[in-house]
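Letters A, B, ... are given to chains in the order of the sequence lines, protein chains preceding strands, and every chain is numbered from 1.
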Amino acid sequence: MKQTIFTIQENKQLTETTWRMKLKGDTSEIISAGQFVNIKLDGYFLRRPISVCDVEGDILTIIYKILGRGTEEMTHFHIGKELDILTGLGNGYDLSLSGDRPVLIGGGVGIPPLYLAAKRLIAEGRNVKAVLGYNTVDEIYYEEEFREIGCEVIIATADGSVGVKGFVTDALQTIAGEDCGYTYFYTCGPEPMLKAVYNATKTSGQLSFEERMGCGFGACMGCSCKTVTGYKRICKEGPVLRKEEVIW
Amino acid sequence: MKQTIFTIQENKQLTETTWRMKLKGDTSEIISAGQFVNIKLDGYFLRRPISVCDVEGDILTIIYKILGRGTEEMTHFHIGKELDILTGLGNGYDLSLSGDRPVLIGGGVGIPPLYLAAKRLIAEGRNVKAVLGYNTVDEIYYEEEFREIGCEVIIATADGSVGVKGFVTDALQTIAGEDCGYTYFYTCGPEPMLKAVYNATKTSGQLSFEERMGCGFGACMGCSCKTVTGYKRICKEGPVLRKEEVIW
Amino acid sequence: MTDTKITLCGIELENPVIPASGTFGYGYEMAEYYDINCLGTFSFKGTTKEERFGNDTPRIAECPSGLLNSVGLQNPGVKVVIREELPKLALVFDKKVMANVSGFSVDEYVYVCERLDKERQVGWLEVNISCPNVHGGGMSFGTDPNQAASVVKAVKQVTTKPVIIKLTPNVTDITSIALACEEAGADGISLINTMLGMRIDLKTGKPILANTTGGLSGPAIFPVALRMVYDVAKAVSIPVIGMGGVSSAEDVIEMMMAGATAVQVGAANLVNPFICQDIVNNLPDVMAKLSIESLENIIGISQEEF
Amino acid sequence: MTDTKITLCGIELENPVIPASGTFGYGYEMAEYYDINCLGTFSFKGTTKEERFGNDTPRIAECPSGLLNSVGLQNPGVKVVIREELPKLALVFDKKVMANVSGFSVDEYVYVCERLDKERQVGWLEVNISCPNVHGGGMSFGTDPNQAASVVKAVKQVTTKPVIIKLTPNVTDITSIALACEEAGADGISLINTMLGMRIDLKTGKPILANTTGGLSGPAIFPVALRMVYDVAKAVSIPVIGMGGVSSAEDVIEMMMAGATAVQVGAANLVNPFICQDIVNNLPDVMAKLSIESLENIIGISQEEF
Ligand SMILES: Cc1cc2nc3c(=O)[nH]c(=O)nc-3n(C[C@H](O)[C@H](O)[C@H](O)COP(=O)(O)OP(=O)(O)OC[C@H]3O[C@@H](n4cnc5c(N)ncnc54)[C@H](O)[C@@H]3O)c2cc1C
Ligand SMILES: Cc1cc2nc3c(=O)[nH]c(=O)nc-3n(C[C@H](O)[C@H](O)[C@H](O)COP(=O)(O)OP(=O)(O)OC[C@H]3O[C@@H](n4cnc5c(N)ncnc54)[C@H](O)[C@@H]3O)c2cc1C
Ligand SMILES: Cc1cc2nc3c(=O)[nH]c(=O)nc-3n(C[C@H](O)[C@H](O)[C@H](O)COP(=O)(O)O)c2cc1C
Ligand SMILES: Cc1cc2nc3c(=O)[nH]c(=O)nc-3n(C[C@H](O)[C@H](O)[C@H](O)COP(=O)(O)O)c2cc1C
Ligand code: FES
Ligand code: FES
């Protein structure tokens with residue numbers, strides 16, 4: 001973990017409610033895809049945890065959705081503004097277990113951390129599919145970005161306005177091939193989706209969880225959950241849990 | 001009273017601890033010299049009351065001293081920043097009572113409201129003297145500005161580094177002429193100074209008081225004081241009291 | 001269409017927004033700044049039998065997300081309020097006003113309430129029992145269920161209008177005090193008054209307030225107030241007026257979800273004199289965003305078990 | 001030269017800065033981030049007899065200038081603390097640690113204190129009596145002077161090290177409880193624990209915390225904490241450890257002026273993991289600016305009459 005000042009390089013609206021921010025600063029503690037950062041906003045007591053979407057040199061990319069007052073306020077930040085950010089938080093995905101044909105399954109604002117995972121898996125020569133779920137066609141973002149890095153993308157929309165009608169689990173069933181069509185899964189999204197993915201997947205995999213956080217670096221026990229391998233802090237021993245250790 | 005957004009046009013250091021800020025906005029409610037404005041600062045619950053030093057068209061000038069965290073933070077504000085300000089607060093000086101040769105007696109950050117008083121009295125053809133008290137030569141500001149508008153200036157410094165050695169009351173004694181040398185006084189400064197001026201002056205006059213304020217516009221009774229003419233709110237029936245009504 | 005109407009002890013209010021006692025004078029002063037008829041009603045400055053200057057200054061100290069005050073019930077006394085303040089208010093306010101009453105003995109509460117009860121403009125009596133009880137040895141009426149009940153009973157005997165009892169949060173068990181008031185005949189409960197606090201001037205090492213301690217209010221106390229509103233509303237069946245740090249339409253809705261029938265706004269008025277007007281104007285939009293059709297329907301919904 | 005040394009129950013501390021229980025784990029986790037030997041000491045996570053998971057999540061809700069937590073004393077139980085956590089701490093911390101103890105019965109307090117008292121690393125026992133007392137009918141030990149005293153007496157009988165009692169602010173009269181603890185043999189008083197509060201999720205109308213209510217801490221509670229430290233320090237003659245919203249060297253000094261011998265920092269650690277190191281580093285500068293030569297000399301100076 002490191003506390004660093006980052007400078008905003010870009011703050012761009014992707015959809016009606018989703019924005020991308022690029023930040024310049026010391027990214028040295030960001031090791032794994034699936035890790036997160038914790039951002040201090042003036043006027044709010046707690047930091048805002050946001051997943052690492054990408055990191056290249058000293059540029060950190062995050063994607064955030066307007067949920068409450070803090071994220072709403074972030075949309076007004078200008079280029080050049082400085083933000084106090086804790087980096088290098090959480091365990092992140094263990095990409096070494098992916099096998100040849102991993103599938104990445106993301107819903108809504110669970111999609112961003114899978115982008116860095118995809119980039120790294122592809123760089124390691126894996127054949128990567130991404131199943132991305134949205135409510136409707138207007139909410140789609142980053143489909144192109146996943147394709148550009150060489151990822152096969154399957155879209156699901158709840159209202160069927162594009163791609164498979166239904167949830168990511170419906171789209172997952174369209175993947176065919178040897179066995180179930182994938183060797184391992186990495187997923188991130190709202191908890192009901194994670195549970196559905198847990199039940200629908202036929203291989204092992206890793207799930208990234210969200211929880212309201214006090215600190216984000218292991219000090220407060222605010223984010224604990226029970227797992228097969230004992231109590232874990234989502235912010236420290238998580239946010240990524242292995243399928244085998246999850247207790248619902 | 002009016003709540004307006006002002007834009008910073010200038011934020012300039014005058015001495016080690018004293019700064020001048022020029023702000024552009026709707027100044028229509030600022031009527032009298034000796035009135036004050038109440039400034040909202042991000043991150044602080046209460047507004048900061050600061051006297052009107054000057055107003056010309058839509059430009060408001062204030063002079064502030066670094067006292068605590070709020071005023072310290074103000075020194076970092078850049079040109080173009082917007083501030084939420086309540087204007088038109090307090091009664092201000094009644095300049096109609098000045099007579100021909102009023103004296104203005106100011107100490108430290110009590111000096112700013114006297115500047116507008118001086119300007120207006122001179123515009124009305126009065127012969128205005130200003131007795132300005134500082135701790136030491138390095139803390140002197142606005143001496144030139146008072147002279148430029150045609151005001152005779154007498155400086156007192158506590159350490160005698162320039163002008164009369166001692167307090168404003170010592171400098172006041174150097175004024176000679178018919179009677180006591182002045183027809184009326186207007187004063188503003190720390191309470192011990194006001195009391196000394198009250199005792200030393202030989203004419204009637206008006207004193208401007210400071211008090212910690214909840215609202216600044218008469219709603220909370222946070223700033224009340226007892227006077228000969230009843231209880232008064234420093235922010236509403238004050239900050240200026242007539243010599244005859246002051247109870248120490 | 002969103003519906004902001006609520007009924008408080010039998011009187012319908014256009015909306016639940018009520019400036020809190022001590023932060024809105026006797027109303028007419030604020031009418032200089034906007035038309036106060038947009039409010040549900042307002043609670044006027046705590047009124048006692050005799051004129052009071054209150055405590056020495058400084059009476060105000062800033063805190064994170066709030067302020068301390070030790071005004072100490074400055075007011076001109078009930079006779080002057082009736083003779084001078086209420087007529088001035090009548091010129092600018094068409095609605096019933098909430099009369100906030102303070103006292104230092106049961107007799108004083110009775111004296112003041114009896115007189116204000118007769119005033120046509122007064123809709124409710126809000127009896128603030130957070131003041132030290134001189135008879136009972138320095139403790140506040142509001143910290144003991146029996147003493148609280150004795151005030152309620154005495155006041156109810158001389159009044160015809162709804163009597164709302166305002167409670168202090170500086171107690172171990174606010175619910176027991178609210179229940180005692182209800183049982184004694186109170187028509188409503190209003191909470192919370194300020195929390196006892198203090199600040200020191202680092203330069204002198206002395207307390208900032210001349211009175212040493214003061215009452216904390218503002219957003220800092222919102223979560224404590226919300227918890228107490230929740231607990232009390234769950235326990236009593238008379239209406240609860242919630243307050244403590246409310247500064248936005250969202251806060252009003254949160255208080256009502258916790259169980260408040262109406263909501264008062266105190267400290268926020270001092271920082272933004274137009275806040276109550278703003279809240280009234282914003283309420284319909286915020287309700288629409290949250291798909292709330294009628295405020296009356298959300299009162300206490302956080303209490304329901306699913 | 002400025003002197004930041006203070007003596008707490010016979011043990012000298014390099015400075016009065018102490019991370020508060022529940023916000024600093026068992027210390028070694030934080031030693032990853034900076035050398036925790038710069039601290040006066042720290043108070044470790046509230047430890048009970050058996051392992052506890054604590055409450056369901058969400059356990060955290062944001063508030064103006066603070067947060068609510070309903071962690072519910074998650075800890076591995078005293079045996080594991082002694083067997084695993086303290087040895088890990090020994091590798092990174094040379095000083096005596098403050099052992100924070102919780103319990104749900106007098107027997108549990110006795111059990112845990114007796115064991116931790118024997119540990120070489122432990123300098124003080126900080127006994128948190130803010131937990132609900134299951135035997136006594138759901139009320140907390142900390143809300144009743146007699147029950148508080150019974151915990152103190154029982155713990156003192158099985159321990160040799162200074163016993164500091166940590167009080168809850170959710171009471172009408174904290175001084176009477178502190179006095180009862182002193183009389184029962186407590187060596188110090190530490191206050192305040194969190195204030196009971198609540199938040200509601202406007203989108204669902206339900207409480208944000210799974211536990212419905214939680215404890216408020218952070219700058220929001222600073223003025224209330226300061227007032228309680230002032231009152232208690234005035235009444236007792238044993239040392240008082242002040243806490244509640246402390247986030248800067250200035251706040252440390254204000255707490256000490258009110259009467260605190262040492263000062264704990266809780267919520268601020270969560271937002272800025274380096275805050276305690278920063279405060280320790282800033283203290284000499286701030287002291288110099290205020291012309292304070294020795295912190296020991298300012299303890300309680302706001303109490304003096306001039
Ligand atoms: C490990 C992790 C990674 C995340 N990654 C992303 C991401 O990449 N993009 C994205 O848009 N969002 C992400 N979130 C969710 C994001 O943290 C919340 O949407 C955000 O904190 C809401 O802040 P707000 O001020 O807008 O909402 P408010 O509701 O006003 O916030 C109030 C408080 O609740 C907390 N809170 C509210 N909702 C959540 C939530 N869903 N999860 C955790 N805390 C919450 C806030 O942090 C704050 O403390 C992530 C959350 C976690 C735990
Ligand atoms: C009518 C009036 C006119 C004033 N005019 C000027 C002026 O022209 N120039 C100038 O430099 N100062 C002026 N002051 C004083 C100025 O308001 C304070 O110096 C300022 O509020 C300090 O804020 P801070 O955040 O730096 O100090 P902090 O001590 O951090 O402030 C904490 C709180 O105390 C209040 N406070 C602290 N000191 C004072 C004080 N002396 N008077 C009133 N409130 C105080 C602050 O407003 C704030 O609410 C005036 C005060 C009043 C009442
Ligand atoms: C300056 C000031 C004066 C107050 N005077 C009174 C009063 O006279 N009577 C009363 O019942 N409450 C009084 N209160 C308490 C408020 O009505 C309210 O209960 C409390 O401040 C909490 O609400 P808030 O956080 O919105 O301010 C006063 C509060 C303030 C800030
Ligand atoms: C997340 C969290 C967990 C806490 N756990 C404990 C605990 O286990 N034992 C205890 O005595 N106090 C506990 N506290 C209370 C703090 O030690 C402290 O008394 C309180 O938070 C007030 O200080 P602050 O405002 O600086 O946080 C906890 C506080 C927080 C925020
Ligand atoms: S959020 Fe504090 S331990 Fe996870
Ligand atoms: S500061 Fe509120 S009445 Fe003067």
Of the listed residues (C/Gly25, C/Gly54, C/Pro76, C/Gly22), which shares the most heavy-atom pairs with chain B below a 4.5 Å separation? C/Gly22
Tell me, out of C/Gly66, C/Gly266, C/Pro58, who's got the most heavy-atom pairs with chain B below 4.5 Å. C/Gly66
With a 4.5 angstrom heavy-atom cut-off, is it the side chain or the backbone of B/Ile234 that approaches chain C, or both, or neither? neither
So which part of C/Leu202 gets closer than 4.5 Å to some heavy atom of chain B, the side chain, the backbone, both or neither? neither
Residue C/Ala267 versus chain B: region with a heavy atom under 4.5 Å: both
For [X] versus [Y], what's the shortest heavy-atom pair and its separation?
X: B/Gly214; Y: C/Leu270; value: O-CB, 3.8 Å
X: C/Ile60; Y: B/Cys220; value: CD1-SG, 4.4 Å
X: B/Phe45; Y: C/Gly218; value: CZ-CA, 4.3 Å

Enclosure of B/Gln13 CD (heavy-atom neighbours >12, cutoff 6.0 Å): yes
If you draw a 6.0 Å radius around NE2 in B/His76, do more than 12 non-hydrogen atoms from other residues or ligands fall strictly inside? yes
One should read off an interatomic distance between C/Phe53 CZ and B/Cys225 SG, to the nearest 0.5 angstrom, of 6.5 Å
Give every donor-acceptor pair between chain B and chain C closer than 3.5 Å, one pair per line, or write none.
residue, atom, partner, partner atom, Å
B/Phe45, N, C/Glu62, OE2, 3.1
B/Leu46, N, C/Glu62, OE2, 2.8
B/Arg47, NE, C/Val271, O, 2.6
B/Arg47, NH2, C/Val271, O, 2.9
B/Arg48, NH1, C/Glu62, OE1, 3.2
B/Arg48, NH1, C/Glu62, OE2, 2.8
B/Arg48, NH2, C/Glu62, OE1, 2.8
B/Leu67, O, C/Lys203, NZ, 3.0
B/Glu211, OE1, C/Thr57, OG1, 3.0
B/Phe217, O, C/Tyr33, OH, 3.2
B/Met221, O, C/Arg59, NH1, 2.7
B/Ser224, OG, C/Gln74, OE1, 2.5
B/Ser224, OG, C/Gln74, NE2, 3.4
B/Lys236, NZ, C/Glu32, OE1, 3.4
B/Lys236, NZ, C/Glu32, OE2, 3.4
B/Lys236, NZ, C/Tyr33, OH, 3.0

